[in-house]
Amino acid sequence: MPKEYRTIQEVAGPLMLVQGVDHVTYDEIGEIELANGEIRRCKVLEVDGTNALVQLYENAAGINLSNSKVRFLGRTMELGVSSDMLGRVFDGLGRPIDKGPEILPEERRDINGLPMNPVARDYPNEFIQTGISAIDGLNTLVRGQKLPIFSASGLPHAQLGAQIARQAKVRGTTEPFAVVFAAMGITFEEANFFTQSFKETGAIDRTILFINLANDPAVERIATPRMALTAAEYLAFEQDMHVLVILTDITNYADSLREVSAARKEVPGRRGYPGYLYTDLATMYERAGRQKGKKGSITLIPILTMPEDDKTHPIPDLTGYITEGQIILSRDLYRKGVQPPIDVLPSLSRLKDKGIGEGKTRADHSNTMNQLFAAYARGKEAKELMVILGEAALSDIDLIYAKFADAFEEQYVNQGYQTDRSIEETLDIGWKLLSILPRSELKRIDDKYLDMYYGRS
């Protein structure tokens with residue numbers, strides 16, 4: 001039986017000071033028992049001799065200093081994991097909120113986990129089809145990759161995240177595939193959108209949802225992505241499943257980290273975020289990947305909203321260092337009505353070359369991808385010149401490229417949130433668009449593929 005302390009000295013906002021403690025360690029979980037028998041949870045933030053500073057998971061209302069008791073449980077935050085979690089909805093601390101029964105855990109796991117040992121990593125090289133042309137065709141997602149989505153306030157990253165979760169699949173295999181979706185600091189309306197979206201399409205059956213609402217405590221938000229990754233590790237490396245983890249919104253997570261850091265009076269770093277923000281994000285992101293000798297894998301898509309649309313803000317900046325590329329949403333495309341508004345030119349998947357080609361997608365994929373990038377970039381330049389100098393100043397070939405850029409945005413990128421395209425459909429649309437250009441302009445494509453596909457659509 002854990003020792004009980006009645007030595008609460010002070011409660012200040014989400015923090016509480018307990019004196020005279022013995023053998024209490026950092027990150028240990030505790031329980032506060034109120035005079036009326038109500039139990040609340042807390043976590044040790046700091047130990048100084050016999051004083052423990054703890055963070056409350058619920059609010060401090062009703063905690064009477066003289067009548068409340070504190071017990072430290074001798075363990076860190078844990079999640080009871082089981083394959084029965086699929087199809088269920090949990091709060092940020094892993095408690096069911098879908099009116100279903102409690103989960104009977106097969107084992108309990110420390111949610112802090114460990115980043116994967118680089119020596120134990122297997123190289124990501126298998127294509128994941130998201131059904132979204134701008135990703136599959138040009139910034140291909142590979143099993144075991146970490147590929148963030150950089151969005152901004154007011155852009156439809158929630159719809160894009162839900163679409164990827166519904167449509168993602170590994171082609172040509174019967175291997176079990178699951179999605180772990182963790183939402184942090186979202187509104188009730190957004191939470192409802194995600195749960196309904198998965199239920200209507202039946203995707204809920206292979207999905208575990210963790211939902212932390214905007215009015216939930218900041219410290220719970222810090223636990224939510226770790227809960228999701230712990231569930232994903234169990235499914236991937238114990239149940240041999242291929243798991244796609246989507247975390248939204250990492251900006252809300254980092255803001256909570258800043259809030260807790262400020263409460264602890266730590267020295268702030270860039271923009272007030274704690275100096276260990278990079279380390280903290282890395283300990284989460286690096287839990288994704290493939291392990292040698294294990295059949296399963298974890299592919300990670302963190303979604304973050306860039307404050308003030310600024311790519312150099314600490315959160316997108318540090319995320320970019322740790323992950324293998326980024327998908328960037330564009331406000332200009334959003335204003336034009338392009339859905340999803342993915343800006344393909346600054347977007348990048350560093351592992352795309354490893355997941356495409358014969359036996360994975362199609363032999364012509366690499367050539368057409370490079371040609372589409374080059375043609376769209378030139379088409380955008382031509383359109384900018386047209387704005388400055390007028391249409392009459394452009395050469396005939398520049399006008400064709402400008403026409404290509406418009407058609408590319410309208411037919412290739414703008415597919416809506418309900419359309420699920422196979423990679424063959426995406427490649428065929430690419431060829432249809434490239435056929436707008438004279439064959440002599442397609443210098444990045446091998447002649448054998450031009451003979452097979454050019455002008456055939």
Side-chain angles (χ1 to χ4, degrees), residues 13-15 27 45-46 55 92 111-113 115-116 139 145-158 160-161 182-187 190 212 214 216-229 245-289 300-331 334 341-343 345-350:
L15 301 181
D27 235 13
L45 283 184
E46 207 172 292
Q55 172 105 26
I111 65 162
N112 295 302
M116 212 178 286
N139 294 292
Q145 185 176 3
K146 306 178 286 290
L147 186 63
I149 293 172
F150 287 6
S151 182
S153 172
L155 295 184
H157 46 271
L160 180 61
M184 295 157 279
I186 61 169
T187 62
E190 286 175 303
N212 164 269
D216 288 332
V219 72
E220 182 179 313
R221 205 157 299 143
I222 294 170
T224 305
R226 292 178 167 80
M227 291 277 172
L229 286 160
V245 180
I246 299 177
L247 305 176
T248 180
D249 178 347
I250 293 293
T251 302
N252 292 339
Y253 168 84
D255 286 345
S256 294
L257 206 63
R258 178 167 65 178
E259 195 179 314
V260 171
S261 173
R264 291 170 65 177
K265 297 186 169 59
E266 291 174 341
V267 177
R270 261 201 308 167
R271 304 263 184 124
Y273 291 96
Y276 51 81
L277 179 63
Y278 178 86
T279 314
D280 191 275
L281 291 173
T283 55
M284 286 199 309
Y285 295 156
E286 293 296 346
R287 289 169 73 174
L300 179 64
I301 299 184
I303 300 174
L304 57 93
T305 48
M306 299 180 288
E308 299 151 26
D309 296 18
D310 179 11
K311 272 190 292 221
T312 66
H313 186 278
I315 305 167
D317 188 31
L318 298 177
T319 293
Y321 280 123
I322 305 162
T323 54
E324 292 109 16
Q326 67 278 332
I327 303 293
I328 295 182
L329 301 191
S330 155
R331 209 174 278 285
Y334 179 61
I342 295 172
D343 194 350
L345 293 180
S347 296
L348 167 71
S349 169
R350 293 194 180 98

Checklist entry - Looking only at heavy atoms, what is the nearest atom pair of R350 and G320, with distance? => result NH1-O, 3.8 Å
Checklist entry - Can you list the residues that meet the salt bridge (Lys or Arg N to Asp or Glu O under 4.0 Å) rule with E46, with sequence neighbours excluded? => result none
Next on the checklist: Restricting to non-hydrogen atoms, name the atom on A214 and the atom on R221 that form the minimum distance, rounded to 0.1 Å.
Outcome noted: O-NH2, 3.1 Å
Item to check | Shortest non-hydrogen contact between M227 and G92, atoms and distance | outcome: CG-O, 3.5 Å
Next on the checklist: Once side chain to side chain contact (heavy atoms under 4.5 Å, CB included) is applied, do any residues pair with M116, and if so which ones, sequence neighbours excluded?
Outcome noted: R121, F237, Q291
Next on the checklist: Can a side-chain donor-acceptor contact be found between D280 and Y253 if the only test is distance below 3.5 angstrom?
Outcome noted: yes
Item to check | Polar side-chain atom of E220 near backbone of P217 as donor-acceptor pair, under 3.5 Å | outcome: no
Next on the checklist: What verdict does the side-chain contact (heavy atoms from CB on, under 4.5 Å) test give for Q55 and L15, after you've listed the backbone C-alpha separation in whole Å, the side-chain angles of each residue and the deciding distance to 0.1 Å?
Outcome noted: CA-CA 5 Å; Q55 172 105 26; L15 301 181; 3.5 Å; yes
Checklist outcome for this item: Across all chains, not counting sequence neighbours, the ring-ring contact (aromatic ring centres under 6.0 Å, His included) partners of H313 are Y273
Checklist entry - In Å, rounded to the nearest 0.5 Å, how long is the span from CG of L160 to CD1 of I327? => result 8.5 Å
Checklist entry - Can you name the residues that form a side chain to side chain contact (heavy atoms under 4.5 Å, CB included) with D317, not counting sequence neighbours? => result R270, Y321
Checklist entry - Quick one: salt bridge (Lys or Arg N to Asp or Glu O under 4.0 Å) partners of D343, sequence neighbours excluded? => result none
Next on the checklist: Quick check: closest heavy atoms across S349 and Q145, and the distance to 0.1 Å?
Outcome noted: OG-NE2, 3.0 Å
Item to check | Rounded distance [0.5 Å steps], NZ in K146 versus CD1 in I301 | outcome: 13.0 Å
Item to check | Test side-chain contact (heavy atoms from CB on, under 4.5 Å) applied to I250 and L281, step by step | outcome: CA-CA 9 Å; I250 293 293; L281 291 173; 4.0 Å; yes
Checklist entry - Sequence neighbours excluded, which residues qualify as side-chain hydrogen bond (donor to acceptor under 3.5 Å, both in side chains) partners of E259? => result none
Checklist entry - Is the shortest heavy-atom distance from the side chain of M284 to the side chain of I322 under 4.5 Å? => result no
Checklist entry - How would you list, by chain and number, every residue that makes a side chain to side chain contact (heavy atoms under 4.5 Å, CB included) with T251, sequence neighbours excluded? => result D249, D255, L304, T305, P307, I315
Next on the checklist: Working to the nearest 0.5 angstrom, can you tell me the gap between S153 OG and D309 CG?
Outcome noted: 8.0 Å
Next on the checklist: If we check side-chain contact (heavy atoms from CB on, under 4.5 Å) with Y285, which of these qualifies: L229, L318, T319?
Outcome noted: T319
Checklist entry - Of all heavy-atom pairs between S261 and P274, which one has the smallest distance, and what is that distance? => result OG-CB, 3.6 Å
Item to check | Minimal non-hydrogen separation, G185 against N252, with atom names | outcome: O-ND2, 3.2 Å
Next on the checklist: Going by the rule side-chain hydrogen bond (donor to acceptor under 3.5 Å, both in side chains), which residues pair with Q326 if we only count those two or more places apart in sequence or in a different chain?
Outcome noted: none
Checklist entry - Listed by chain and number, what are the salt bridge (Lys or Arg N to Asp or Glu O under 4.0 Å) partners of R271, not counting sequence neighbours? => result D310
Checklist entry - Residues two or more places apart in sequence or in another chain: which of them pass side chain to side chain contact (heavy atoms under 4.5 Å, CB included) with A182? => result F210, T224, A228, L247
Checklist entry - Quick one: side-chain hydrogen bond (donor to acceptor under 3.5 Å, both in side chains) partners of S347, sequence neighbours excluded? => result none
Checklist entry - Rounded to the nearest 0.5 Å, what separation is found between the CG atom of N112 and the CZ atom of R226? => result 6.0 Å
Next on the checklist: side-chain contact (heavy atoms from CB on, under 4.5 Å), that's the test. Do L329 and Y334 meet it? Break it down for me.
Outcome noted: CA-CA 8 Å; L329 301 191; Y334 179 61; over 6 Å; no
Checklist entry - Got a sec, which residues hit salt bridge (Lys or Arg N to Asp or Glu O under 4.0 Å) with R287, two or more places apart in sequence or on another chain? => result E233
Checklist entry - Roughly how far apart are T323 OG1 and L300 CG, rounded to 0.5 Å? => result 8.5 Å
